J.: 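Dropping a structure here in structure tokens format, bear with me for questions.
Since the model is a prediction, treat every value here as computed from it, not as a measurement. Counting starts at 1 for both ligands and their atoms, in listed order. Numbers here are sequence positions counted from 1.
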Amino acid sequence: MSDWTDCLTFGLSLVRQTKELVLSALEQQKDVKLKSSPADLVTETDQRVEKVLISAIRTRFPQHRFIGEESVAAGERLQLTDSPTWIIDPIDGTVNFVHGFPLVAICVAFAVNKQTEFGIVYSCTDDKMFYAQRGRGAFLNQERLQVSAQQDVGQCLLVTEIGAERDHLALSTMTSNILRLLKLPVHGVRALGSAAVGMCQVATGAADLYFHVGMHCWDVAAAALIVQEAGGVVTDTEGSEFDMMSRRVLAACSSTVANRIAPLIRAFPCQRDDQR
Ligand code: IPD
């Protein structure tokens, strides 16, 4: 039975090659279009990178399936089956990319029987390749990753996102979450503009907890495995089992920290990714 290492090796090399497409476009004028909200953007580079990735993977693994952010935006059905499936976010941090704010990542997760076998988050501008394979640990370039040993919530650094939703309920829910957490108190709350890069900060130990409501499966599938393989815990924001389609995620250095923070986080209603 395959351990999918050949797919991981292929994915790592492909993602590294594709970085040039992102970096060369980063400083140039972009053709920006809106998707679901004024903060949900797409550029021709998002679309181009996704096409390049899918076409190369399909040539090498013709039986495999795909869930790609821009293919779904273009009307493709989002369905995770038991078949080997590549889950792709060509540019996580598109708003950053549009502004030339240098935090953007190419994200690729690979699931079989609906279980993530490996995840790749390539932070292009600083050449940081985060990856993990199920049961085999998480790495940043060649260095093994380990979450922080922090148990004291008062000393935690948190990362979150305001997200792309711009209706009153979503905004008031997210800002009141931040207010409640700052009053705990915690050391600080950061928002980086890339869900995947934010989650990877927990995997490195630079942050202790990440949470987000309203993102999509392609934003978090790869990074969730990276956090777990670095020794962290990944759950729903309510503390229940992580479901990549639910549009809610909490990633923490330990269950002690997760259990203390989860009751303080409220979620606004979001349509599940697999019910679009
Ligand atoms: C977005 C980013 C952002 C998060 C949004 C995501 P995209 O992904 O991860 O940080 O707040 O919820 O949709 O659109 O740049 O791939």
J.: Specify whether His64 and Phe61 have parallel, tilted or perpendicular ring planes, treating 30° as the upper limit for parallel and 60° as the lower limit for perpendicular.
T.: parallel
J.: May I ask you to say whether Glu70 pairs ionically with Lys35, meaning some side-chain N is under 4.0 Å from a carboxylate O?
T.: yes
J.: May I ask you to check whether Trp4 and Phe118 place their ring centres under 6.0 Å from each other?
T.: no
J.: Report the part of Ser194 in contact with ligand 1, treating N, CA, C, O as backbone and CB onward as side chain, heavy atoms under 4.0 Å; options are side chain, backbone, both, neither.
T.: backbone
J.: Got the closest protein heavy atom to atom 2 (C) of ligand 1, with its distance?
T.: Asp92 OD1, 3.5 Å
J.: For ligand 1, which part of Ile91 has a heavy atom less than 4.0 Å away: the side chain, the backbone, both, or neither?
T.: backbone
J.: For the side chain to side chain contact (heavy atoms under 4.5 Å, CB included) test, which of Asn96, Thr94, Val197, Val98 pairs with Val104?
T.: Asn96
J.: Just by distance, no angles: are the side chains of Gln63 and Ser83 close enough, under 3.5 Å, to form a donor-acceptor pair?
T.: no
J.: In the protein, which heavy atom is nearest to atom 16 (O) of ligand 1, and how far is it?
T.: Asp89 OD2, 2.8 Å
J.: Measure the distance from atom 3 (C) of ligand 1 to every protein heavy atom, then report the residue, atom name and distance (to 0.1 Å) of the closest one.
T.: Gly193 O, 3.7 Å
J.: Can you list the ligand 1 atoms lying under 4.0 Å from a non-hydrogen atom of Gly163?
T.: 11 (O)
J.: Does any N or O atom in Gly93 lie less than 3.5 angstrom from one in ligand 1, N or O only?
T.: yes
J.: How long is the straight-line distance from CZ of Arg247 back to CZ of Arg272, given to the nearest 0.5 Å?
T.: 11.0 Å
J.: Thinking salt bridges, do Asp127 and Arg16 make one under a 4.0 Å N-O criterion?
T.: yes
J.: Would you say Thr43 and Asp46 are linked by a side-chain donor-acceptor pair, where the criterion is simply a distance under 3.5 Å?
T.: yes
J.: Against heavy atoms of Glu161, which atoms of ligand 1 measure under 4.0 Å?
T.: 10 (O), 11 (O)
J.: Return the residue, atom name and 0.1 Å-rounded distance of the protein heavy atom closest to atom 14 (O) of ligand 1.
T.: Glu69 OE2, 3.4 Å
J.: Nearest to atom 13 (O) of ligand 1, what protein heavy atom do you find, and at what distance?
T.: Asp219 OD2, 3.3 Å
J.: Out of Glu70, His212, Glu165, Met215, indicate the one that has the non-hydrogen atom closest to atom 11 (O) of ligand 1.
T.: His212
J.: Could you tell me whether some N/O pair between Ala195 and ligand 1 is separated by less than 3.5 angstrom?
T.: yes
